[in-house]
Amino acid sequence: MVSELQRLVDAFGARLGRSIAVDDARLKLLAYNAHTGDVDDARIESVMRRGVSTALVAHVSAQGAAQASDVFTLPPCPRIGITMERVGIPIRYDDALLGYVWLIGSDGPVGDRDVELLRESAAQAALVLHRGHLGVDVTRSHARELVRDLIAPDQALRTEAGVALVEEEHAVAGPVAVLVAMVGGEEGEPLAEERRLALELAVDRCRRRLPPSRGLALTRPDHALLLTIWPGARSQVIERHAAELAEVLREKLDAELGLGRAACWVGVGGPRPRLTEALSSYEEARRAAEVARITGTLGHVVAHKQLGVYALLGKLTPDQLAEGIHPGLRPLLANPAHRGLVETLRVYLDHAGDAQRAATALHVHRSTLYKRLHRVEQLTGLRLDVGDDRLAAHLGLKTAELHPRLPASTHAPDVVF
């Protein structure tokens, strides 16, 4: 499809005597010819990176390009690097938007003959893109079905999917590690279309950084996964590369969503030796991303092996988590008036019972810390000088962070008494 588009662009560029470019519907550059005049920063970015900024996409959208039915003019916007006027036309097949054909203003005025050739080029590009999309969509759809089967509970289904992915050359055989990305919301809650699209784009762009057949992507209602394959690599090497790719994925999510618009988390599952064992890595990656989202204290890129006790607690159901909390601790956690006491206990236990360090972290005198801890003992029946009770208290606090029906401790000590 790309080579056919390139021939079309070269032919029409020669007939027009000017530069011409074809983008897909998301403004990703598909084909272009040599530039005959000056170019601006936006065109340079498009050529060099095969993509454009979200601000530029928003500018094109604001001008009504996606709704246009014929030739339109895109005015300059120096703030985002467009210093030259563009003349464009949408590429449509059965009213479906497939992309755009562009002429740049630095090549001179666009006359009637240019407009007619632009319309002709868009019509031919529509046929090329439609044929290409049919083939690509069928291939990608089948690959996604196989990835879905690869992480299914049924072992036989996973085995069949793994064999099919390799035989059909969607993937190569080798060790795997899975990344899972989540964007805002609650677990299991379907994402809004805008966030789902941003998630899909970010994951797909990361997949394209990998060699062919080394990355498989799948978008689900509330998260997306990127399955990475590392033939011949050792576990430590895979972990390092997967962690680096997870950071890139986080950055691309930020770029797609816009800074501050929504929080996002990326979990990294441990390596597995075979493609058919991807489910275990996927479950770990999903658990890591979900724990990071709930706790808000582990960062935005978290490997499963970094979860510590959360890795064990994350396997339990909400009811099992609730049952595991010490009965004396439950009223303390459930009462908003005791948030300061909960925070004091958390800081004290996180500092391994070191009273001086805990008092410093809480910005209180040590005697105040002891009074609060004594109050905790009175309310819960726990004895903080007994190892088992301290362990029960610490596990209870960690468990409460993962329990959707109990308020997690705040991180600002307020009035206690």
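Checking side-chain atoms of His59 against main-chain N and O of Pro75 turns up a donor-acceptor pair under 3.5 Å. Within the 3.5 Å criterion, the main-chain N or O of Gly162 finds no donor-acceptor partner in the side chain of Thr276. Judged purely by atom type and a 3.5 angstrom limit, Arg250 has no side-chain atom pairing as donor or acceptor with the backbone of Val266. Formation of a donor-acceptor pair under 3.5 Å by the His374 side chain with backbone atoms of Tyr370 is not found in this model. Between the side chain of Asp24 and the backbone N or O of Arg26, at least one donor-acceptor pair lies under 3.5 Å. With hydrogens and angles disregarded, no donor-acceptor distance shorter than 3.5 Å links the side chain of Arg214 to the backbone of Arg209. At distances below 3.5 Å, at least one donor-acceptor pair connects side-chain atoms of Thr380 with backbone N or O atoms of Val376. Side chain of Gln6 to backbone of Tyr32: a donor-acceptor contact under 3.5 angstrom is found. A donor-acceptor pair is defined here as one N or O able to donate and one able to accept, closer than 3.5 Å; such a pair exists between the side chain of His300 and the backbone of Cys264.
Salt bridge Asp204/Arg207: present, at least one basic N to carboxylate O contact under 4.0 Å. Look at Glu4 and Arg7 and you find no salt bridge, because none of the NZ, NE, NH1 or NH2 atoms lies under 4.0 Å from a carboxylate O. A salt bridge links Arg86 and Asp40; the closest N-O separation between the charged side-chain nitrogens and carboxylate oxygens is under 4.0 Å. A salt bridge does not link Glu290 to Arg287: none of the charged side-chain nitrogens sits closer than 4.0 Å to a carboxylate oxygen. Using a 4.0 Å cut-off between charged side-chain N and carboxylate O, Arg272 and Glu284 make a salt bridge. Looking at Arg346 and Glu343, a side-chain N of the basic residue comes within less than 4.0 Å of a carboxylate O on the acidic one, giving a salt bridge. Of the charged side-chain nitrogens involved, at least one lies within less than 4.0 Å of a carboxylate oxygen, so that Asp385 and Arg383 count as a salt-bridged pair.
Taken to the nearest 0.5 Å, the CD atom of Glu45 stands 11.5 Å off from the CG atom of Leu29. Taking OG1 of Thr83 as the reference point, atom CZ of Arg43 lies at 11.5 Å (rounded to 0.5 Å). Rounded to the nearest 0.5 Å, atoms OG (Ser121) and CG (Leu8) are 6.5 Å apart. Note: Leu5 CG to Ile91 CD1 = 7.0 Å, rounded to the nearest 0.5 Å. The distance from the CZ atom of Arg196 to the CG atom of Leu201 is 12.0 Å, given to the nearest 0.5 Å. Taken to the nearest 0.5 Å, the CG atom of Leu216 stands 9.0 Å off from the CG atom of Leu225.
Heavy atoms from other residues, nucleotides or ligands lying under 6.0 Å from CD of Gln378 number more than 12. Heavy atoms of other residues, nucleotides or ligands lying less than 6.0 angstrom from CG of Asp154 number more than 12.
Taking the side-chain hydrogen bond (donor to acceptor under 3.5 Å, both in side chains) definition, one finds that Asp354 meets it with nothing, sequence neighbours left out. Under the rule for a side-chain hydrogen bond (donor to acceptor under 3.5 Å, both in side chains), the partners of His365 that lie at least two apart in sequence or sit in another chain are Ser367.
Residues Val268 and Ala246 approach most closely at CG2-CB, 3.6 Å, considering heavy atoms. When all heavy atoms of Ile229 and Ala171 are compared, the pair lying nearest together is CD1-CB, 3.6 Å. In plain terms, the two heavy atoms of Leu150 and Leu165 that are nearest each other are CD2-CD1, 3.9 Å. When all heavy atoms of Leu226 and Cys206 are compared, the pair lying nearest together is CD2-CB, 3.9 Å. Considering all non-hydrogen atoms of both residues, Ala122 and Pro90 come closest at CB-O, 4.0 Å. Counting all heavy atoms, side chain and backbone alike, Arg158 lies closest to Ala152 at NH1-O, 2.8 Å.
Put simply, the side chain of Leu129 does not reach to within 4.5 Å of the side chain of Tyr93, judged on heavy atoms. Under the 4.5 Å side-chain criterion, counting only non-hydrogen atoms from C-beta, Asp38 is in contact with Met84. Side-chain contact between Val57 and Val52: present, with at least one pair of heavy atoms (C-beta onward) separated by less than 4.5 Å. Ile20 places a side-chain heavy atom less than 4.5 Å from the side chain of Leu103. Taking 4.5 Å as the limit, every side-chain heavy atom of Leu98 sits out of range of all side-chain heavy atoms of Arg92. Within the 4.5 Å cutoff, the side chain of Leu369 has heavy atoms near those of the Thr344 side chain. Side-chain contact check for Glu244 versus His241: some heavy-atom pair is nearer than 4.5 Å. Residues Leu245 and Leu210 meet the side-chain proximity criterion, which asks for heavy atoms closer than 4.5 Å.
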Original post:
Could you walk me through whether Leu384 and Leu345 pass the side chain to side chain contact (heavy atoms under 4.5 Å, CB included) check?
Top reply: CA-CA 10 Å; Leu384 297 178; Leu345 179 61; 4.0 Å; yes
Original post:
For Glu85 and Thr73, what are the C-alpha separation, side-chain angles and deciding distance, and is it a side chain to side chain contact (heavy atoms under 4.5 Å, CB included)?
Top reply: CA-CA 7 Å; Glu85 180 180 272; Thr73 299; 3.3 Å; yes
**OP:** List the steps, then state whether side chain to side chain contact (heavy atoms under 4.5 Å, CB included) holds for Asp23 with Lys28.
**Re:** CA-CA 5 Å; Asp23 288 348; Lys28 178 185 175 184; over 6 Å; no
**OP:** Apply side chain to side chain contact (heavy atoms under 4.5 Å, CB included) to Asp222 and Arg286, showing your working.
**Re:** CA-CA 11 Å; Asp222 65 336; Arg286 187 175 179 183; 3.9 Å; yes
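Between Phe72 and Trp102, the ring planes are perpendicular. Angles over 60° get that label, and only those under 30° would be called parallel.
A side-chain donor-acceptor contact under 3.5 Å links Thr159 and Gln155. A donor-acceptor contact under 3.5 angstrom links the side chains of Ser19 and Asp107, judged on distance only.
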Sequence neighbours excluded and cut-off under 3.5 Å, please list the side-chain donor-acceptor pairs for residues 230-239, or say none.
from, atom 1, to, atom 2, distance (Å)
Trp230, NE1, Thr228, OG1, 2.8
Glu239, OE1, Lys305, NZ, 3.0

